[in-house]
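Report on one structure; see the data block that follows.
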Amino acid sequence: MGLQDPPAERRPSNSDEERDESRLAQFGYKQELKRDWGLAHNFGVSFSIISVITGLTTLFPYGLATGGPAVMSIGWIIVSFFTILVAIAMAEIVSAIPTSGGPYFWSAMLAPPRWSPFAAWLTGWYNLLGQVAVTTGITFGLAGLLTTAITVKNPDFEPKPSITIGIYAALLISHAVINSFGVRTLRYLNNVSIVLHSAGITALCIAVLAKAPSHQPASFVFGKFIDGTAAPSDDENVPAIGWGERASPAYVALCGILLAQFTLTGFDASAHLSEETKRASWSAPIGVVSSVGFSSLFGFFVLMAFLFSIQDLDTTMDSKYGQPVLQILVDVAGEDGALALFSLIMVCVWHCGLFSMTSNSRMMFAFARDGGIPAIFHKVDERFKSPILAVWLAAVLSFILALPSLGSTVAYSAATSIATIGLYISYGLPILIGLVWHKSFVAMKGPFNLGMFSRPIAFVACCWIAFITVVFCLPTANPVTSQTLNYAVVAVAIIGIFTIVSWIVWVHKWFTGPSEEVAEAMRLGVDASEPGALEDREKKEEEERRRTAEGVSE
């Protein structure tokens, strides 16, 4: 991998702020959001959204039932490897095209002119779906953790779905209010989040390992397989059969890697915040890669701490609290100590949801700017420098996506599947486009340049994304009924059908995506904001084509 300075014509001798604004102007946009985030802040947002403690805690019950410790541990290693490759491929693109639009804007810039608007439209809607579903998965998961914590000291409390939805709505409102009016506060909360997610969770894991009365052997952590995918049967005479018996243990293992893949999701936040980040062409790609790298290592440590500290597997899986992680903490530290440790986890999850909405709203802000959704959501409040309407749109859509939980027992795992599939499809489309039309991409590349490794890494990343897209649409409970249907496939299909049909019927008549002139300038490697630069380059291209044609005819 080669890391090089930006071309001289893109590097005026002025301040970083002016250079960033000049780079943004090349994409056809003016600086509207306040650019006061540094590399640490950019990294921190993605690190907070990935939030390994969030994914591991909320999906721990799913992980134990869908493959058990063996799939959770080995699956984490495999998923981490391929996710880092996806992040590296994305980082090379964000270095070339650092805008709030993220994946949909990349697709538009990298695709040939004829397909540019459609590529932006398709990628944008999948990214929007994934962003909304991630916020849903995080914050709805927190609502579930809160109701679980209440039952520790109030065993008669029944966490009905309606109560969980109410708590969920309150949490979304808290995130939306801070994102609307506390933009300056976000920077400081980001610093707090980094400390909590790193030092705080490290201390928690060390305490759990040190206080645990006994530890499981490595053969348990890396070799214990569990098939808990059998849904309860209404007929007592009909035995419950899981997918391991109906299909194969490999099927269960494939479904089980959702725990790791959902956890390592949301790192496109570094791209969505690039218009608020200094030296974005360098800071944003480093934020993408480093957040995944650190989260992979840190997440493995957290996962090992929990798995090795399980005291009794049956008690943990059938915990009276309904939450295996809480049961592990109770077995180690007693109910009072467990509640204190569990509170730290919930504070981390709250920060994760907060910054997920930040990323979500920035994507909607950029998509509205280019006509993908109504232009009103592009409006930035003059006083608070926040896209307030986009923030509340994110909150409302996230609330709607959680409503199926009122009548489905697998709604949460389905929401996490939707988040994972939606986001990774939006990551994969621009990577695939850059792989196929690589010559145009080369002309755009920024300081984070993979050189000869660019296409091989992009190819592997695309293959992995295609693989998990299929896997996470599979049903995870047997038998498949209206209660156990994995409606991820429904949501993903609806978005696909909607974007394609709407494009054919009417959208192609008016949606152009990012400026065609800007896209063409990016493909030719020139500064569109420089008067006459595009025209001069096009003349040179035409002259070279004419000379080539004359040479062939001779």
So, [X] side chain and [Y] main chain: donor-acceptor pair closer than 3.5 Å or not?
{"X": "Asn486", "Y": "Thr476", "result": "no"}
{"X": "Ser426", "Y": "Leu423", "result": "yes"}
{"X": "Gln311", "Y": "Asp331", "result": "no"}
{"X": "Thr135", "Y": "Gly353", "result": "no"}
{"X": "Thr229", "Y": "Trp243", "result": "yes"}
{"X": "Ser361", "Y": "Thr358", "result": "yes"}
{"X": "Ser291", "Y": "Val288", "result": "yes"}
{"X": "Ser356", "Y": "Ile49", "result": "no"}
{"X": "Thr164", "Y": "Gly144", "result": "no"}
{"X": "Tyr104", "Y": "Ala366", "result": "yes"}

Check: [Y] and [X] side chains under 4.5 Å, non-hydrogen atoms:
{"X": "Tyr251", "Y": "Pro475", "value": "yes"}
{"X": "Ser386", "Y": "Phe181", "value": "no"}
{"X": "Phe301", "Y": "Val52", "value": "no"}
{"X": "Tyr62", "Y": "Leu59", "value": "yes"}
{"X": "Leu196", "Y": "Leu344", "value": "yes"}
{"X": "Phe157", "Y": "Thr148", "value": "no"}
{"X": "Pro324", "Y": "Ser319", "value": "no"}
{"X": "Val349", "Y": "Leu145", "value": "yes"}

Nearest 0.5 Å please: distance from the [atom1] atom of [X] over to the [atom2] atom of [Y].
{"X": "Asn179", "Y": "Leu172", "atom1": "CG", "atom2": "CG", "result": "11.0 Å"}
{"X": "Leu186", "Y": "Asn191", "atom1": "CG", "atom2": "CG", "result": "11.0 Å"}
{"X": "Ile178", "Y": "Ile173", "atom1": "CD1", "atom2": "CD1", "result": "12.5 Å"}
{"X": "Ser51", "Y": "Leu264", "atom1": "OG", "atom2": "CG", "result": "11.0 Å"}
{"X": "Phe467", "Y": "Phe472", "atom1": "CZ", "atom2": "CZ", "result": "8.0 Å"}

Quick one: list whatever passes side chain to side chain contact (heavy atoms under 4.5 Å, CB included) with [X], sequence neighbours left out.
{"X": "Ile376", "value": "Pro374, Leu389"}
{"X": "Leu39", "value": "Ser283, Ile286"}
{"X": "Val195", "value": "Ala199"}
{"X": "Thr499", "value": "Trp121, Leu122, Trp125, Ile495"}

List, one per line, each side-chain donor-acceptor pair under 3.5 Å for residues 70-79, sequence neighbours excluded.
unit_1 : atom_1 : unit_2 : atom_2 : d
Ser73  : OG     : Pro69  : O      : 2.8
Ser73  : OG     : Ala70  : O      : 3.2
Ser73  : OG     : Val221 : O      : 2.9
Trp76  : NE1    : Ser80  : OG     : 3.3
Trp76  : NE1    : Ser296 : O      : 2.9

Determine whether Phe399 and Ile165 satisfy the following criterion, side-chain contact (heavy atoms from CB on, under 4.5 Å), listing intermediate values before the conclusion.
CA-CA 8 Å; Phe399 179 77; Ile165 281 287; 3.7 Å; yes

[X]: which residues meet the side-chain hydrogen bond (donor to acceptor under 3.5 Å, both in side chains) condition with it, sequence neighbours left out?
{"X": "Trp392", "value": "Ser180"}
{"X": "Gln261", "value": "Thr83, Tyr424, Trp464"}
{"X": "Asp268", "value": "Asn127, Gln131, His272, Tyr427"}
{"X": "Asp336", "value": "Lys153"}

Heavy atoms only: give me the nearest Ala40-Asn190 pair and the separation to one decimal.
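For Ala40 and Asn190, the tightest heavy-atom pair comes out as O-ND2, 4.4 Å.
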
Ring pair (Phe, Tyr, Trp, His ring centres under 6.0 Å) partners of residues 315-349, not counting sequence neighbours, each pair once
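Those involving residues 315-349 do not exist here.
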
Got a sec, which pairs hit ring pair (Phe, Tyr, Trp, His ring centres under 6.0 Å) with one end in residues 194-228, sequence neighbours left out?
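Those involving residues 194-228 do not exist here.
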
Can Leu258 and Thr66 be said to form a side-chain contact (heavy atoms from CB on, under 4.5 Å), step by step?
CA-CA 9 Å; Leu258 175 64; Thr66 316; over 6 Å; no

Aromatic ring proximity, centroids under 6.0 angstrom, Phe294 and Phe47
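Judged by ring-centre distance (under 6.0 Å), Phe47 and Phe294 do not meet the cut-off.
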
For His351, what residues pass the ring pair (Phe, Tyr, Trp, His ring centres under 6.0 Å) criterion, not counting sequence neighbours?
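Expected list: none.
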
Hey, which of Ile201, Thr57, Leu307 is the one that makes side chain to side chain contact (heavy atoms under 4.5 Å, CB included) with Val302?
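Exactly one candidate clears the test, Ile201.
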
